[in-house]
Amino acid sequence: MATTVNTETLRRLKSEVGEDTVTVLLTVFSDELSQYHSQLSGSPSIEQVREISHAIKSSAASFGADDLAEMARECESRVKQGQQEWMTHHLDELTEMLRGTASTYREMAVEQNFINSLT
């Protein structure tokens with residue numbers, strides 16, 4: 001699954017924090033997503049899924065990972081509504097999105113041409 005990146009969000013972030021800091025933040029975000037992926041790859045409780053989905057939705061939106069943010073919003077909402085069966089069927093989709101997004105952002109953090117293009 002390809003990861004869609006909202007580059008306008010990343011441009012704003014770069015203008016707010018600077019080039020060096022945005023590179024560090026992209027790496028931190030990628031590492032955070034990898035940790036969430038690991039936590040959800042086992043047999044997480046429904047409460048863990050809700051907590052992680054809640055954490056992902058705002059951080060993903062802040063970094064322009066809009067598809068992941070939307071998926072996290074949907075997962076959190078479904079869990080709150082007691083739709084555990086829906087979540088069980090979509091947990092693999094969420095973990096795959098986490099893996100793919102973490103990889104994409106890790107690559108972007110080290111790609112100087114990409115960072116330079118955020119002007």
Side-chain angles (χ1 to χ4, degrees):
M1 170 182 286
T3 300
T4 304
V5 176
N6 184 331
T7 54
E8 186 56 38
T9 299
L10 292 178
R11 280 188 186 95
R12 281 193 305 271
L13 182 62
K14 180 183 172 186
S15 74
E16 291 171 8
V17 301
E19 185 174 314
D20 292 339
T21 303
V22 80
T23 300
V24 170
L25 290 175
L26 292 175
T27 301
V28 169
F29 177 60
S30 173
D31 291 346
E32 177 182 274
L33 295 181
S34 292
Q35 289 176 353
Y36 291 143
H37 177 268
S38 293
Q39 292 170 350
L40 292 176
S41 292
S43 296
S45 70
I46 199 70
E47 182 59 24
Q48 286 173 306
V49 173
R50 188 200 61 75
E51 289 173 2
I52 290 171
S53 294
H54 178 77
I56 292 169
K57 72 178 182 180
S58 59
S59 64
S62 297
F63 284 93
D66 295 348
D67 293 340
L68 179 58
E70 181 57 35
M71 180 62 168
R73 237 184 320 277
E74 183 72 16
C75 289
E76 182 185 27
S77 174
R78 297 287 184 136
V79 169
K80 284 181 177 179
Q81 294 171 25
Q83 298 179 9
Q84 294 183 14
E85 186 175 327
W86 184 93
M87 193 62 252
T88 301
H89 288 89
H90 290 83
L91 186 58
D92 287 344
E93 182 180 355
L94 176 60
T95 57
E96 182 61 25
M97 287 182 85
L98 282 167
R99 187 199 58 73
T101 305
S103 177
T104 297
Y105 277 74
R106 189 174 304 109
E107 291 169 11
M108 288 187 317
V110 298
E111 181 55 49
Q112 193 58 47
N113 288 335
F114 175 77
I115 300 298
N116 290 340
S117 75
L118 296 174
T119 55

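We're numbering straight along the sequence, starting at 1. Excluded from the calculations below are hydrogen atoms, water molecules and symmetry mates; all remaining heavy atoms, backbone and side chain alike, are included. As the structure is a computational prediction, the values presented were derived from the model and not from experiment.
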Within this structure, what is the [atom1]-[atom2] distance for the pair [X] and [Y], rounded to the nearest 0.5 Å?
{"X": "Leu91", "Y": "Gln84", "atom1": "CG", "atom2": "CD", "answer": "12.0 Å"}
{"X": "Ile46", "Y": "Cys75", "atom1": "CD1", "atom2": "SG", "answer": "9.0 Å"}
{"X": "Ile52", "Y": "Gln35", "atom1": "CD1", "atom2": "CD", "answer": "10.0 Å"}
{"X": "Asp66", "Y": "Asn6", "atom1": "CG", "atom2": "CG", "answer": "4.5 Å"}
{"X": "Phe29", "Y": "Leu13", "atom1": "CZ", "atom2": "CG", "answer": "10.5 Å"}
{"X": "Glu32", "Y": "Leu25", "atom1": "CD", "atom2": "CG", "answer": "10.5 Å"}

To check you understand the geometry: which heavy-atom pair defines the closest contact between [X] and [Y], and what is its length?
{"X": "Thr27", "Y": "Ala109", "answer": "OG1-CB, 3.3 Å"}
{"X": "Ala65", "Y": "Thr101", "answer": "CB-CG2, 3.9 Å"}
{"X": "Ala55", "Y": "Ser59", "answer": "O-OG, 3.3 Å"}
{"X": "Thr9", "Y": "Ser62", "answer": "CG2-O, 3.4 Å"}
{"X": "His89", "Y": "Glu85", "answer": "ND1-O, 2.7 Å"}

Quick one: does [X]'s side chain get under 4.5 Å of [Y]'s, heavy atoms only?
{"X": "Ser53", "Y": "Leu94", "value": "yes"}
{"X": "Met87", "Y": "Gln83", "value": "no"}
{"X": "Arg11", "Y": "Thr119", "value": "no"}
{"X": "Lys14", "Y": "Thr21", "value": "no"}
{"X": "Pro44", "Y": "Gln39", "value": "no"}

So, does [X] use its side chain to make a donor-acceptor pair with the main chain of [Y] at under 3.5 Å?
{"X": "Ser30", "Y": "Leu26", "value": "no"}
{"X": "Ser77", "Y": "Arg73", "value": "no"}
{"X": "Tyr36", "Y": "Arg99", "value": "no"}
{"X": "Ser15", "Y": "Arg12", "value": "yes"}
{"X": "Lys57", "Y": "Glu70", "value": "no"}

**Request:** For His90, enumerate each residue passing the ring pair (Phe, Tyr, Trp, His ring centres under 6.0 Å) test, keeping only those at least two apart in sequence or located in another chain.
**Result:** Trp86
**Prompt:** Crowded around Asn116 CG? As in, over 12 foreign heavy atoms under 6.0 Å?
**Reply:** yes
**Message:** Looking at Gln112, I want to see if its CD is surrounded by more than 12 non-hydrogen atoms of other residues, nucleotides or ligands under 6.0 Å.
**Reply:** yes
**Asked** Does the pair Phe114 and Leu10 meet the rule for a side chain to side chain contact (heavy atoms under 4.5 Å, CB included), with working shown?
**Response** CA-CA 11 Å; Phe114 175 77; Leu10 292 178; 3.8 Å; yes
**Asked** Ion pair present between Glu76 and Lys80, side-chain N to carboxylate O less than 4.0 angstrom?
**Response** yes
**Prompt:** What's the verdict on side chain to side chain contact (heavy atoms under 4.5 Å, CB included) for Phe63 and Leu68, showing C-alpha distance, side-chain angles and the deciding distance?
**Reply:** CA-CA 10 Å; Phe63 284 93; Leu68 179 58; over 6 Å; no
**Request:** Give the cluster check for Leu118 versus Val17: same hydrophobic cluster or not, with ILVMFWY residues linked at side-chain heavy-atom distances below 4.5 Å.
**Result:** yes
**Message:** For Tyr105 and Val5: C-alpha separation, side-chain torsions, deciding distance, then whether side chain to side chain contact (heavy atoms under 4.5 Å, CB included) applies.
**Reply:** CA-CA 9 Å; Tyr105 277 74; Val5 176; 3.6 Å; yes
**Request:** Verify side chain to side chain donor-acceptor pair (under 3.5 Å) between Arg106 and Ser34, making sure each step is shown before the conclusion.
**Result:** CA-CA 10 Å; Arg106 189 174 304 109; Ser34 292; 2.7 Å; yes
**Request:** Give the C-alpha distance, both sets of side-chain angles, the deciding distance and a yes or no for side chain to side chain donor-acceptor pair (under 3.5 Å) between Thr23 and Glu19.
**Result:** CA-CA 6 Å; Thr23 300; Glu19 185 174 314; 5.8 Å; no
